[in-house]
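Below, all heavy atoms of this structure are taken into account, side chains as well, without hydrogens, waters or symmetry copies. FYI, the numbering just counts along the sequence from 1.
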Amino acid sequence: VRGTRRSAAPAAPSAADGPPLAARLAALPPAETHRTLLGLVRGHAAAVLGHASTELIGAARPFRELGFDSLTGVELRNRLMAATGTRLPAALVFDHPTPEALARHLADRLLAGSPSAAPPGAAELDRLDALAAELAGAGADGA
């Protein structure tokens, strides 16, 4: 009987490991939520690039500078989909070009329905911002 084959890369945490990630994040304070998601992004980015640690994956360093291309970008997206249990676009690392931006995007996606996702009044402020942008656009069109 032969032994089981082990993968060299650690397995990505799956959405089935305990409560869903979104539920675990919703229970955390916002700063800890961000730290957790940034760690998740940096950890998977390091694994995709073959790094042993996240030290080389700076939070504000663009994925392209880190060595990501379309193929490794899709691999990172696939790992993050498995870890978060949410569908993500193939161009994820190009739409959100740094680990910091990607962590913020994941927070928005994962906590969209959570009551703790936004401070009280944030929805009203978003509505007012959209209205102001619409009015500014109408003023520019009519000028």
Side-chain angles (χ1 to χ4, degrees), residues 1-138 140-141:
V1 175
R2 293 182 178 216
T4 59
R5 185 173 175 223
R6 289 192 170 169
S7 170
S14 108
D17 295 341
L21 180 60
R24 292 188 307 240
L25 293 173
L28 298 174
E32 186 61 30
T33 297
H34 180 71
R35 234 183 333 273
T36 299
L37 287 171
L38 184 56
L40 179 79
V41 169
R42 290 179 68 215
H44 283 288
V48 166
L49 295 174
H51 299 312
S53 77
T54 60
E55 286 181 18
L56 298 175
I57 310 297
R61 193 161 172 213
F63 286 112
R64 283 188 186 247
E65 282 183 18
L66 293 168
F68 275 86
D69 58 20
S70 58
L71 190 59
T72 52
V74 168
E75 186 178 343
L76 177 60
R77 183 275 315 246
N78 291 346
R79 285 173 160 267
L80 291 173
M81 281 188 353
T84 63
T86 190
R87 189 157 175 75
L88 300 167
L92 188 68
V93 300
F94 301 109
D95 294 341
H96 309 281
T98 65
E100 178 77 34
L102 183 48
R104 283 193 310 268
H105 173 71
L106 290 175
D108 291 345
R109 292 285 305 267
L110 294 169
L111 300 174
S114 168
S116 63
E124 184 65 12
L125 288 174
D126 288 344
R127 188 185 70 75
L128 291 172
D129 282 343
L131 180 60
E134 185 178 312
L135 291 172
D141 292 341

Side-chain heavy atoms of Val48 within contact of Arg79, under 4.5 Å = yes
Side chains of Leu102 and Leu80: closer than 4.5 Å at any heavy-atom pair?
-> yes
Assess whether side chain to side chain contact (heavy atoms under 4.5 Å, CB included) is satisfied between Leu106 and Leu111, documenting all intermediate values.
-> CA-CA 8 Å; Leu106 290 175; Leu111 300 174; over 6 Å; no
Find the distance between CD1 (Ile57) and OG1 (Thr98) and round it off to the nearest 0.5 Å.
-> 12.0 Å
From OG1 (Thr84) to CZ (Arg77), nearest 0.5 Å | 10.5 Å
Leu88/Arg109 under side chain to side chain contact (heavy atoms under 4.5 Å, CB included): CA gap, chis, key distance, verdict | CA-CA 9 Å; Leu88 300 167; Arg109 292 285 305 267; 3.8 Å; yes
Just grab all the side chain to side chain donor-acceptor pair (under 3.5 Å) pairs involving [range], residues at least two apart or on different chains.
| range | result |
| --- | --- |
| residues 46-67 | none |
| residues 87-97 | His96-His105 |
| residues 31-43 | Glu32-Arg35, His34-Glu100 |

When the side chains of residues 66-76 are checked against the rest of the protein, which donor-acceptor pairs come out under 3.5 Å, sequence neighbours left out?
{"from": "Asp69", "atom 1": "OD1", "to": "Leu71", "atom 2": "N", "distance (Å)": "3.0"}
{"from": "Asp69", "atom 1": "OD1", "to": "Thr72", "atom 2": "N", "distance (Å)": "2.9"}
{"from": "Asp69", "atom 1": "OD1", "to": "Thr72", "atom 2": "OG1", "distance (Å)": "3.0"}
{"from": "Thr72", "atom 1": "OG1", "to": "Asp69", "atom 2": "N", "distance (Å)": "2.8"}
{"from": "Thr72", "atom 1": "OG1", "to": "Asp69", "atom 2": "O", "distance (Å)": "3.3"}

Residue pair Pro99 / Gly58: nearest heavy atoms and the distance that separates them | CG-O, 3.5 Å
Residues Leu38 and Ala59: closest non-hydrogen pair is CD2-CB, 3.8 Å
Show your working on side chain to side chain contact (heavy atoms under 4.5 Å, CB included) between Val41 and Phe63 and close with a plain yes or no.
-> CA-CA 11 Å; Val41 169; Phe63 286 112; 4.1 Å; yes
Evaluation steps, side chain to side chain contact (heavy atoms under 4.5 Å, CB included), between Thr86 and Leu21 = CA-CA 10 Å; Thr86 190; Leu21 180 60; over 6 Å; no
